Amino acid sequence: MTKVWTVFSSGYKRQVRSWSFVFMVLSPFLFIGISFAGNYFAKNAQSDTIAVVSQDNQVNQVFKEKVFKSYTSQEKAKDALDSDDIMGYLLITQDEGHYQATYRAKQRLSANDKLLINGHLQTLQVASNVARAQLSVDQVTTLQDQAQLVEKVSAKENTDSLAKTISFYGMVAVLYILLLFYSANTAQEIASEKGTKIMEVVFSSMKASTYFYSRLLVVAAVIVTQLVIYALGAVLTYQVASRLPETKDWLQQFQPLLQAVLKHFDLINLLFIIFGLIIYVALSALCGAIVARPEDANKASQPVLYLVMLGLFGSIYLGQSNSLIVSLGSFVPFLSSFFMPIRVINGFASQGEALVSLAILVLATFALVGFIGRSYSGLILQTDDLGLWQSFKRGLTRR
C-alpha cells in the first residue's frame, strides 16, 4: 500500500503542478475575467450619455431617461462630444409642426438607442399632429384606439427548451475538451516510459498491474479535482457577480434559466462524464503502451480520437432526435457518455435506462482497466518496432 501511495502522490503532485493543468483549469476563469474587465473599462472609458439639444420644454419632458441629457446650445454639446463627456448629441428642430432630429457622434447608434429615440420622436410628432388638427378629446381617444395582439406562450416551456440546448452543448463541450487533453497527455506519458530502465526497476518492486492502476487513479483524481475546481469557481463567480451592480440585474433576469440548466447537470450525468473520461484514458494508455517510440504516441492514439469525434458529431447531429442509432449508441461504451446524457436531457430516456447504461459503462471501464493491467508488463516492456498490431499481440503473450 505504501508503494501505491508513493506512485499516486508523486504522480498527482506532478500533474496538478504542471503548467498545462494550471492553464487548462484557469483558462475559463481568465476568459470570463478578461471579458468582464474589457466590457467594464470600455463602458467607463466612453460615456454612454446622449445630449439632446433643444429649447422646447416638451422635448425635454419626453426625453427624460438617464441616457439623455439636455443641452441648451449645439456648441456646448459639440464641446462635450470632443472631450468625450457624451457619446453623441441629438439636434431636434421643429418646422411648422414637423419634428426632425439629427444625430452627430463618433460612432453609430446602437439598435436599442435608435429604437428608443424613434419612439420618442414619434410621440412628439403625434402630439404635434393632434394639436394642429384641433381634434376634440373624443376624436383623439378614437384615434388612439389600437388593435391588440395577445400572445400566450408558456414561459416555463420556453425556458426549459433553451436550458436543454445550453445543457446539451455545455456537456458535450466539457466532455470533448477534457477527453482531448487527458487522452493525449496519458498516451504521451505512457509512451515516454517505454524502454526505460526505471520501469524494470519499478516492476521488480511492485506488480505492473498495481503500477498501472496507480497511474490511472492519478488521472481519475486529477479529473475529479478539475471538476471540483470548476464547480467551486462557478459558485464563487456567481456569488461575486450577483453582488456587482453591472451584473446583478442580468443574473436576476436569467435566474430561472440558470436553475433549469443546473438541473440537468445532476449526479448521473456527472458520472457519465467521469467514467467516460476514465474509459477513454484507459484506452489511450493502451495505445501509448503499444508504440515503440514516444514520438509515435500521437499516431497510436488516433483510434481514440476517431471514437471521440464519432461521439461528438453523432451527439450534435443526431442527439436532438430519438433515432434508433442514438438509442442503441446510448448503451454502447465509449459512445454512451455522449448519447445517454443527451437523451436524458431531452426526455427521450428514463432514469432507469440511464442507470442501466451507466452500469454497462462502469463494467466496461473496469473490464478494460483490468485487461490492460494484466497485460501492462508485457506491453510496456515490448520495445521492438513491429507495428501496432504485432506489438500488441507480442505484448499480450509476454504478460
Side-chain angles (χ1 to χ4, degrees), residues 8-9 11-45 48 155-156 158-186 217-278 280-281 312 337-338 341-342 344-345:
F8 174 80
S9 59
Y12 180 79
K13 292 177 182 178
R14 185 179 68 255
Q15 289 275 4
V16 297
R17 291 175 180 175
S18 64
W19 282 109
S20 58
F21 176 80
V22 173
F23 178 77
M24 185 178 183
V25 171
L26 295 181
S27 55
F29 304 109
L30 291 174
F31 176 77
I32 294 174
I34 293 173
S35 300
F36 178 79
N39 292 333
Y40 177 80
F41 288 115
K43 182 178 180 181
N44 288 275
D48 57 355
K156 183 178 184 302
N158 187 44
T159 300
D160 288 344
S161 177
L162 182 58
K164 288 179 180 179
T165 302
I166 295 175
S167 303
F168 166 71
Y169 285 105
M171 193 169 298
V172 168
V174 169
L175 184 58
Y176 177 70
I177 293 173
L178 293 181
L179 277 176
L180 289 185
F181 175 79
Y182 286 106
S183 296
N185 188 50
T186 301
L217 188 61
V218 169
V219 179
V222 173
I223 292 173
V224 173
T225 300
Q226 184 169 353
L227 293 177
V228 170
I229 292 175
Y230 281 163
L232 295 177
V235 172
L236 180 61
T237 302
Y238 176 82
Q239 294 297 327
V240 173
S242 62
R243 288 170 171 79
L244 293 176
E246 293 83 359
T247 55
K248 181 179 180 180
D249 295 337
W250 182 86
L251 284 178
Q252 290 179 349
Q253 180 181 358
F254 290 97
Q255 185 74 17
L257 178 61
L258 293 175
Q259 293 177 349
V261 170
L262 293 176
K263 181 184 68 175
H264 295 299
F265 284 86
D266 55 10
L267 179 60
I268 293 181
N269 285 338
L270 290 177
L271 289 176
F272 268 110
I273 292 177
I274 292 174
F275 279 97
L277 287 169
I278 293 175
Y280 273 104
V281 166
L312 173 67
S337 297
F338 287 96
I342 305 308
V344 173
I345 289 175

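As the structure is a computational prediction, the values presented were derived from the model and not from experiment.
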Rounded distance (nearest 0.5 Å) linking atom CG of Leu175 with atom CD1 of Ile274: 11.0 Å

CE-CD1 distance between Met24 and Ile229, expressed to the nearest 0.5 angstrom: 11.5 Å

Least distance between heavy atoms, Gly276 atom then Ser337 atom: CA-OG, 3.1 Å

Sub-4.5 Å side-chain heavy-atom contact between Leu270 and Leu227: no

Atom pair CZ/CE of Phe338 and Met171 - distance to nearest 0.5 Å: 11.5 Å

Test side chain to side chain donor-acceptor pair (under 3.5 Å) applied to Tyr238 - qualifying residues, sequence neighbours left out: Gln255

Interatomic spacing from CD1 in Ile273 to CD1 in Ile223 - rounded to 0.5 Å: 11.0 Å

Closest non-hydrogen atom pair, Ile278 against Ala220: CD1-CB, 4.1 Å

Ring pair (Phe, Tyr, Trp, His ring centres under 6.0 Å) involving Tyr182 - partner list, sequence neighbours excluded: none

For Arg17, all residues meeting side chain to side chain donor-acceptor pair (under 3.5 Å), sequence neighbours excluded: none

Inter-residue atom distance Phe181.CZ - Ile177.CD1, 0.5 Å rounding: 12.0 Å

Test side chain to side chain contact (heavy atoms under 4.5 Å, CB included) applied to Val235 - qualifying residues, sequence neighbours left out: Gln239

Residues that Leu236 engages under side chain to side chain contact (heavy atoms under 4.5 Å, CB included), provided they are two or more places apart: Val240

Flag side-chain contact, heavy atom, 4.5 Å: Leu312 against Val172: yes

Contacts of Thr237 that satisfy side chain to side chain donor-acceptor pair (under 3.5 Å) - sequence neighbours left out: none

Residues that Thr225 engages under side chain to side chain donor-acceptor pair (under 3.5 Å), provided they are two or more places apart: Tyr12

Leu30: side chain to side chain contact (heavy atoms under 4.5 Å, CB included) partners, not counting sequence neighbours: Leu26

Partner set under side chain to side chain contact (heavy atoms under 4.5 Å, CB included) for Ser18, not counting sequence neighbours: Ser20, Phe21

